[in-house]
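Chain A is the first sequence line, chain B the second, and so forth, proteins listed ahead of strands; every chain is numbered from 1.
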There are 2 protein chains.
Amino acid sequence: MSAAHRIIEEEGLQGLTMRRLAREVGATPMALYHHVHDKDELLRLLLDDYAAGVPRPGPPGDSAGPGEHVVAAAIAMRDALAGVPWIVEVLRADDLMSVHALWYPETIIDAAVRAGLAPEAAVDLYRIIWHYTAGEITARAAAARQREGGGPTYRSQVFANLDAAELPRLAELGERWEELTARDTYDKGVRAIVRGLVEAPPPGARP
Amino acid sequence: MSAAHRIIEEEGLQGLTMRRLAREVGATPMALYHHVHDKDELLRLLLDDYAAGVPRPGPPGDSAGPGEHVVAAAIAMRDALAGVPWIVEVLRADDLMSVHALWYPETIIDAAVRAGLAPEAAVDLYRIIWHYTAGEITARAAAARQREGGGPTYRSQVFANLDAAELPRLAELGERWEELTARDTYDKGVRAIVRGLVEAPPPGARP
DNA sequence: ACCTGAACACCGTTCAAGT
DNA sequence: ACCTGAACACCGTTCAAGT
């Protein structure tokens, strides 16, 4: 298990192969199949292993509005995943599916219901936050990989040749694009979602 | 090119291999390397190819608020990608990076600026929408794959054994989870983001 | 119960050689 | 310019055999 973690840490998820892991622990590839049924099971075990060790922050102070509880849980979820973006690739399913990770949806849904949302609306809020979080983490991980790869990106090449007549806003942004898109806007995004669904909900959502 | 599209359509992105494509067009794997430098270039060509054919919807009616323009462009972007989730895997980078796809950020940023946002805030809005969109599409594609795979999901197994003391909200939701998370909440999400950033922006964002 | 060896059906890519 | 054959260094997984 720890050998598998080490490999992922150093070489990414695609670096973890059954054969590579076997080499790492000094055994034949086939020996692994005596402990897990297939590679998917190995990944699920890895996920559970990590999730069990993740910290669960307490709720924010009483002075915070009900929406702040949702925001705090979302940020905690992002922080827990930011260092291990491979997890997002593993749980390609809809939701965080280690029992140990269910604390996040539980907390977000609970805070949303306390804030006055119907259970259905609270689930929607959680899923919207999850999709946003998964997308943000994947994008950040990819950007980091590309940055360390060095060399000119395909993006910068495209941006250098923009047609100002057809894409005026982007052309105007020009070389600032790189700098602007490097900023961490996760918090801003969750707060917007919470503002839009809890604090300034759509008409008719709160009878 | 069309052979590659056909393979992806039928067997997913991981079904597209250089050797498989070569077999499809009746050539040696090595013949392909005379037309593309490596597999990444093939994927980039595939992306451009698709992006060039995507429709660009006109703006919504004049009666619509400024935020509606952003929402409409986001929904168009989602619709354009929903049928081809493999694209999201290919552009693992931060942004839609075919010249033909830049229409989406251009339109969203333009609408945001017209709505009164500063250029920086407009870029933030676009990126938040993009992360949300990428996450939603990936999750939906994964869910669809799992549904057609049939068989009991790991998720349903976890949900069946929930500890009601530790996770009361989720336990209460119980078997409704499957049904609730199957709903399409994309529009609700974008509208929330737009409401939170354009129509009810954070304090101090609009001097 | 736990492990190995050999094999099967795959990958992306390089290199030298052919027309 | 365009293609092939053979090779290299890999994959996940099965099956029969060993202790």
Could you give the [atom1]-to-[atom2] distance, from [X] to [N], as a whole number of Å?
X: A:Leu16; N: D:dC11; atom1: CG; atom2: P; result: 10 Å
X: A:Glu41; N: D:dG12; atom1: CD; atom2: P; result: 15 Å
X: B:Arg19; N: D:dA6; atom1: CZ; atom2: C1'; result: 11 Å
X: B:Leu21; N: C:dC11; atom1: CG; atom2: P; result: 11 Å
X: A:Met18; N: D:dC10; atom1: CE; atom2: C1'; result: 16 Å
X: B:Arg20; N: C:dC11; atom1: CZ; atom2: P; result: 9 Å
X: A:Leu42; N: D:dC11; atom1: CG; atom2: P; result: 14 Å

Within-4.5 Å side-chain heavy-atom neighbours: A:Val123 and B:Trp177: yes
Polar side-chain atom of A:Glu41 near backbone of A:His37 as donor-acceptor pair, under 3.5 Å: yes
Any donor-acceptor N/O pair, B:Tyr186 side chain to B:Ile137 backbone, under 3.5 Å: no
Short side-chain N/O contact from A:Arg23 to OP1 or OP2 of D:dC11, under 4.0 Å: yes
A:Ile128 CD1 to A:Leu197 CG distance, which is reported to the nearest 0.5 Å: 5.0 Å
Pairs satisfying salt bridge (charged side-chain N to carboxylate O under 4.0 Å, His left out), at least one member in residues 24-37 of chain B, at least two apart: B:Arg6-B:Glu24, B:Arg20-B:Glu24
Sequence-distant partners of A:Arg23, salt bridge (Lys or Arg N to Asp or Glu O under 4.0 Å), two or more places apart: none
Consecutive-pair stems (3 or more, Watson-Crick or G-U, under 3.5 Å) for DNA chain D: C:4-8 with D:12-16, C:12-16 with D:4-8
Within residues 30-39 of chain A: residues closer than 4.0 Å to DNA chain D (heavy atoms): A:Met30, A:Tyr33, A:Asp38, A:Lys39
Salt bridge (charged side-chain N to carboxylate O under 4.0 Å, His left out) between A:Arg176 and B:Glu120, intermediate numbers included: CA-CA 9 Å; A:Arg176 291 194 62 204; B:Glu120 297 79 17; 3.0 Å; yes
Side chain to side chain donor-acceptor pair (under 3.5 Å) partners for B:Glu106, two or more places apart: none
Quick one: side chains of residues 49-60 of chain B, donor-acceptor pairs under 3.5 Å with protein atoms, not counting sequence neighbours, listed by atom name and distance.
unit_1  : atom_1 : unit_2  : atom_2 : d
B:Tyr50 : OH     : B:Ala80 : O      : 2.7

